[in-house]
Amino acid sequence: MGNIQKVRGFQDIYGENARRYRLVVDTAREIFKLYNFKEIILPYLEDISLFKRSVGEETDIVQKEMYTFTDRGGRQIALRPEGTASCVRAYIEEKLYGEGGYHKLFYEGAMFRYERPQAGRYRQFHQVGAEVFGVSSVYADAEMILMINNLLKSLNIQTRLEINTLGTFESRRNYSEALKVYFSQFRDSLCETCRGRLERNPLRIIDCKVESCREIAKGSPVITDYISEESKERFEKLLNLLDRFGINYRVNPGLVRGLDYYTDTVFEFITDRIGAQGTVAAGGRYDRLVQQLGGPPTPALGFAAGVERLMLLLDSVQEKEKLFSVISLTEDQFPKALEFIETLRKNGIKGELVLRSGSLKSMMKVADKFKADFVIFVSDRCELKDMKSGEQITFLSDGDLIDYIIRELKTV
RNA sequence: GAGGAUGUAGCUCAGCAGGCAGAGCACAAGGUUGUGGCCCUUGGGGUCGCGGGUUCAAGUCCCGUCAUCCUCCCCA
């Protein structure tokens, strides 16, 4: 037998990737907080029926992508495949609606879907997401898109925004029903995947790339005929708002989203730089979901962004703090060197005590490997070496050197 | 779930008419007896993804399996 490997589709995130991960998540948190979203830390396991009732019994996610098991108490459990359902469950279960006003929550963490791994698609992946409960105003939709736009801008990531409206829950259902009826006439001419979609998600057939399906789709019912004037006006208003803030978008009537709970606004931020899995952030409104899961009628909207996909789009991420490496020139100066470096750390300066003794050359190499910006040699006196310029200054007392570092170099 | 490509040293890869496992980079020691990066010398490293088969002989051929990547699908 070979060595134990990580589970398929799972990954260790370390080194530069860990920095990328941290940058994405930390930036998202900062932005969320600017918009006054409050963090909610959600469980990774939920009752299976939560996802059946929210994401949708017929969706791929529920049908074939969930990690599920029966626990020792006989409960049917799933590792969460997405965050919105848990967030809604918590909103209802913790009776947040009882506090009055409205609620803005954000979350961050791992999601699990049993899919075929691919670039930008993993079985354990991470999302940052935000949800607004109790607001139907179109300004909430606009604000959320602005927020995501700002997040992407902060990360220096270019995407295009595609947006669509699905209308109300009723109109969406009616449209879906009409499509089902229409496409059923051509059942035998549809491709195999579309025959499956007929039951599961007829809206998707419109977007099929197979030539024969596209021909059939040309005569299919149009979504605009099923959308109420109110929804249309709402959508227009949203687009105007986006125009006003200089946000480019493309209205894509084929944009459907694979989750059942969306109503009215749906949107995706897409890139074509990372292969087939180009959706980097996506979301929309789900005005019926809270009620559907047993809560009071509550309009809501939300989005989620894929951390790994954002990571792929990031420029290289370097550590920014200066590193001071301390080398003890003799074995018996180590206590003094340790004391010295602890003082640096107390002052908020990042320090690495070179812990391998050997030739000075080998210790210097260690400092170099750590990419030290400065090296401090500790003996009966102290010397500070600038690794970039090679310049070296001698100090008779450590106090003087520490003062010098804090004064001159901490901010460099 | 379907199709395709790949898997040899820490990394990038060569080796395939089956015949002792290689290069570059990286790593370690030294050249420079208290100073890294460049250069030179020397050195340590591989059950050739894993398991089976064919063969006198398999990294090389065959079968299986695992993993990665790409497309479909799906989605963040």
Side-chain angles (χ1 to χ4, degrees), chain A residues 1-11 15 24 28 55 59-65 81-84 108-129 148 159 191-194 196-197 200-201 204 207-210 255-259 266-271 274-284 302-313 325 327-330 333 354 356 358-381 383-392 394:
Chain A
M1 273 324 275
N3 292 327
I4 296 170
Q5 300 176 300
K6 52 186 171 284
V7 175
R8 180 163 160 83
F10 287 59
Q11 49 170 353
V24 169
V55 174
T59 58
D60 279 7
I61 293 179
V62 168
Q63 290 257 313
K64 47 192 193 195
E65 294 176 4
E82 60 113 45
T84 299
E108 160 230 325
M111 306 294 163
F112 304 85
R113 291 184 200 171
Y114 192 88
E115 295 183 271
R116 191 92 166 227
Q118 202 176 314
R121 188 165 82 182
Y122 307 94
R123 288 182 174 180
Q124 177 184 322
F125 61 102
H126 300 80
Q127 289 186 330
V128 291
I148 301 166
T159 57
C191 73
E192 204 180 320
T193 25
C194 280
R197 293 200 262 233
R200 222 171 276 167
N201 196 349
R204 277 225 171 261
D207 242 3
C208 187
K209 291 166 192 88
V210 177
L255 181 63
V256 172
R257 320 279 311 119
L259 293 77
V266 289
F267 57 83
E268 292 191 13
F269 287 82
I270 304 170
T271 176
I274 53 173
Q277 309 302 321
T279 300
V280 138
F303 91 99
V307 175
E308 283 83 356
R309 291 184 188 174
L310 292 173
M311 283 163 62
L312 289 172
L313 290 163
S325 203
I327 289 177
S328 173
L329 288 177
T330 58
Q333 296 288 352
V354 174
R356 257 190 217 166
S359 68
L360 181 52
K361 180 175 178 167
S362 66
M363 291 197 281
M364 277 301 283
K365 281 193 169 183
V366 170
D368 198 45
K369 283 301 156 206
F370 277 116
K371 297 191 170 63
D373 297 283
F374 297 92
V375 169
I376 292 148
F377 300 105
V378 174
S379 59
D380 52 337
R381 60 186 188 281
E383 288 155 279
L384 175 70
K385 175 170 180 145
D386 181 330
M387 290 294 271
K388 203 184 249 169
S389 66
E391 279 171 40
Q392 200 158 317
T394 304

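Model, not experiment: these values are computed from the prediction. For the numbers below, each heavy atom of this structure counts, side chains included, while hydrogens, waters and symmetry mates do not. The chains referred to below are lettered A, B, ... by the order of the sequence lines, with proteins before strands, and numbering in each begins at 1.
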Undergrad: Whole-Å distance between B:A67 C1' and A:Phe10 CZ?
TA: 14 Å

Undergrad: Taking atom P in both B:U71 and B:G59, compute the distance separating them and give it to the nearest angstrom.
TA: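 That atom pair is separated by 34 Å.
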
Undergrad: Only pairs with both distances under 3.5 Å count, Watson-Crick or wobble alike; so what is the partner of B:A29 in this structure?
TA: B:U41

Undergrad: Is there a donor and acceptor pair, one atom on the side chain of A:Lys361 and one on the base of B:U35, closer than 3.5 Å?
TA: no

Undergrad: Please classify the nucleic acid contact of A:Gly120 as base, sugar-phosphate, or nothing, using heavy-atom distances under 4.0 Å.
TA: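 Contact class for A:Gly120: base.
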
Undergrad: Using a cut-off of 4.0 Å on non-hydrogen atoms, how would the nucleic acid contact of A:Gly129 be classed: base, sugar-phosphate, or nothing?
TA: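 Contact class for A:Gly129: none.
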
Undergrad: Only pairs with both distances under 3.5 Å count, Watson-Crick or wobble alike; so what is the partner of B:C72 in this structure?
TA: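 Partner of B:C72: B:G1.
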
Undergrad: Check every atom of B:C74, B:U68, B:U71 against the side chain of A:Ala276 and return the nucleotide holding the closest atom.
TA: B:U71

Undergrad: Round to a whole Å and report the spacing from CG of A:Asp368 to C1' of B:A26.
TA: 14 Å

Undergrad: Which heavy atom in A:Ala276 sits nearest to a heavy atom in A:Gln118, and how many Å separate them?
TA: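 For A:Ala276 versus A:Gln118, the nearest heavy atoms are CB-NE2, 3.6 Å.
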
Undergrad: Minimum heavy-atom separation for A:Met364 to A:Val375, with atom names?
TA: SD-CG1, 4.2 Å

Undergrad: Looking across every strand, which nucleic acid part, if any, lies under 4.0 Å from A:Phe377 by heavy atom: base, sugar-phosphate, or nothing?
TA: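 Answer is base: heavy atoms of A:Phe377 come under 4.0 Å of a base.
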
Undergrad: Could you identify the nucleotide paired to B:G18, looking across every strand shown and requiring Watson-Crick or G-U wobble geometry with both distances under 3.5 Å?
TA: none

Undergrad: With nearest nucleotide decided by heavy atoms, which residue, A:Ala372 or A:Ala282, maps closer to the 5′ end of RNA chain B?
TA: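 Nearest-nucleotide comparison on RNA chain B picks A:Ala372.
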
Undergrad: Say you pick atom C1' in B:G4 and the same atom in B:C25; how far apart are they, in whole Å?
TA: 32 Å

Undergrad: Grab the CE-P distance between A:Met363 and B:A29 for me, whole Å please.
TA: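 These atoms are roughly 11 Å apart.
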
Undergrad: Once hydrogens and angles are ignored, does a donor-acceptor distance under 3.5 Å link the base of B:G1 to the side chain of A:Gln63?
TA: no

Undergrad: Sticking with atom C1', work out how far B:U55 lies from B:A29, rounded to a whole angstrom.
TA: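 B:U55 and B:A29 have their C1' atoms separated by 44 Å.
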
Undergrad: Categorize A:Lys365 for me: base, sugar-phosphate, or nothing, with a 4.0 angstrom heavy-atom threshold over every strand shown.
TA: sugar-phosphate

Undergrad: Classify A:Thr330 by what it touches in the nucleic acid, base, sugar-phosphate, or nothing, heavy-atom distance under 4.0 Å.
TA: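 Nothing: the residue A:Thr330, judged by heavy atoms under 4.0 Å, touches no strand.
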
Undergrad: What nucleic acid atoms does A:Ala304 come within less than 4.0 Å of, heavy atoms only: base, sugar-phosphate, or nothing?
TA: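 If one applies the 4.0 Å heavy-atom cut-off, A:Ala304 turns out to touch the sugar-phosphate alone, with no base involved.
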
Undergrad: Name the pairing partner of B:G34, where a pair is Watson-Crick or G-U wobble with both distances under 3.5 Å, or state none.
TA: none

Undergrad: Base, sugar-phosphate, or nothing for A:Lys385, non-hydrogen atoms under 4.0 angstrom?
TA: base

Undergrad: Could you state the CG-P distance from A:Asp386 to B:U35, rounded to the nearest angstrom?
TA: 18 Å

Undergrad: Of all the nucleotides listed (B:G34, B:C27, B:U35), which has the minimum atom distance to the side chain of A:Arg381?
TA: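 From the listed options, B:G34 comes nearest.
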
Undergrad: So do the side chains of A:Ile270 and A:Thr159 get within less than 4.5 Å of each other, counting heavy atoms only?
TA: no

Undergrad: Need the pair for B:A23. Rule: Watson-Crick or G-U wobble, both distances under 3.5 Å, any strand; none if unpaired.
TA: B:U12

Undergrad: What's the CD-P distance between A:Gln277 and B:U71, to the nearest Å?
TA: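 One finds 8 Å between P of B:U71 and CD of A:Gln277, rounded.
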
Undergrad: Could you tell me the Watson-Crick or G-U partner of B:U6, where both distances fall under 3.5 Å? Say none if there is no partner.
TA: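 Looking at the geometry, B:U6 pairs with B:A67.
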
Undergrad: Taking the side chain as everything from C-beta on, heavy atoms only, tell me whether A:Leu255 gets closer than 4.5 Å to A:Glu268.
TA: yes

Undergrad: Let's see if you can work this out: which of B:G3, B:A26, B:C74 has an atom nearest to the side-chain heavy atoms of A:Arg116?
TA: B:G3

Undergrad: Could you please name the partner base of B:G59, counting Watson-Crick and G-U wobble pairs only when both distances are under 3.5 Å?
TA: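 Paired with no nucleotide.
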
Undergrad: Does B:G46 pair with anything, Watson-Crick or G-U wobble, both distances under 3.5 Å, and if so, with which nucleotide?
TA: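 Pair assignment: B:G46 / none.
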
Undergrad: Find the distance A:Gln118:CD to B:U6:P and express it as a whole number of Å.
TA: 18 Å

Undergrad: Could you tell me how far B:A21 sits from B:A9 if I compare only their C1' atoms? Round to whole Å.
TA: 10 Å

Undergrad: Answer with base, sugar-phosphate or nothing: what part of the nucleic acid does A:Glu65 contact at a heavy-atom distance below 4.0 Å?
TA: sugar-phosphate

Undergrad: To the nearest 0.5 Å, how far apart are NZ in A:Lys365 and OG in A:Ser359?
TA: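 These two atoms lie 8.5 Å from each other.
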
Undergrad: Touch check for A:Gly83, heavy atoms < 4.0 angstrom, all strands: base, sugar-phosphate only, or nothing?
TA: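 Here A:Gly83 touches no strand at all.
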
Undergrad: Please work out if A:Glu82 contacts a base, only the sugar-phosphate, or nothing of the nucleic acid, heavy-atom cut-off 4.0 Å.
TA: nothing

Undergrad: Between B:C66, B:C72, B:G36, spot the one nearest the side chain of A:Met387, thanks.
TA: B:G36

Undergrad: Taking any heavy-atom pair under 4.0 Å as a contact, classify A:Lys371: base, sugar-phosphate, or nothing.
TA: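 Since no nucleic acid heavy atom lies under 4.0 Å of A:Lys371, the category is nothing.
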
Undergrad: With rounding to the closest Å, how many angstrom separate the P atoms on B:G49 and B:C13?
TA: 15 Å

Undergrad: When you get a sec, tell me which of B:C74, B:U71, B:U68 is the closest nucleotide to the side chain of A:Arg8?
TA: B:U68

Undergrad: Need one value for A:Tyr114: base, sugar-phosphate or nothing, where a base atom within 4.0 Å counts as base even if backbone is also close, heavy atoms only.
TA: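 It contacts nothing in the nucleic acid.
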
Undergrad: Kindly give the heavy-atom pair with the smallest separation between A:Lys6 and A:Gln11, and that separation in Å.
TA: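 Result for this residue pair: CD-CA, 3.8 Å.
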
Undergrad: Any idea which heavy atoms bring A:Ile148 and A:Phe269 closest together, and the distance?
TA: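 Closest approach of A:Ile148 to A:Phe269: CG2-CE1, 3.5 Å.
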
Undergrad: So which atom in A:Gln124 and which in A:Ala110 form the shortest heavy-atom distance, rounded to 0.1 Å?
TA: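 Heavy atoms only, the tightest pair is NE2-CB, 3.6 Å.
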
Undergrad: Between B:A76, B:G34, B:U35, which nucleotide has the shortest distance from any of its atoms to the side chain of A:Phe125?
TA: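 So the side chain of A:Phe125 is nearest to B:A76.
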
Undergrad: From the list B:A29, B:C75, B:C74, which nucleotide is the closest neighbour of the side chain of A:Ser362?
TA: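 Of B:A29, B:C75, B:C74, B:A29 is nearest to the side chain of A:Ser362.
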
Undergrad: Using atom P in both nucleotides, what's the gap between B:C74 and B:G64 to the nearest angstrom?
TA: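 Nearest-Å result for B:C74 against B:G64 at atom P: 30 Å.
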
Undergrad: Any chance you could lay out the side-chain contact (heavy atoms from CB on, under 4.5 Å) test for A:Ile61 and A:Glu82, step after step, and finish with the verdict?
TA: CA-CA 9 Å; A:Ile61 293 179; A:Glu82 60 113 45; 5.6 Å; no

Undergrad: Whole Å only: how far is the CZ atom of A:Arg121 from the P atom of B:C69?
TA: 11 Å

Undergrad: Can you tell me the distance, in whole Å, between the CZ atom of A:Arg123 and the P atom of B:C74?
TA: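 Interatomic distance, CZ of A:Arg123 to P of B:C74: 17 Å.
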
Undergrad: Please figure out whether A:Lys64 or A:Glu383 has its closest RNA chain B nucleotide nearer the 5' end.
TA: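 The residue closer to the strand's 5' end, by nearest nucleotide, is A:Glu383.
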
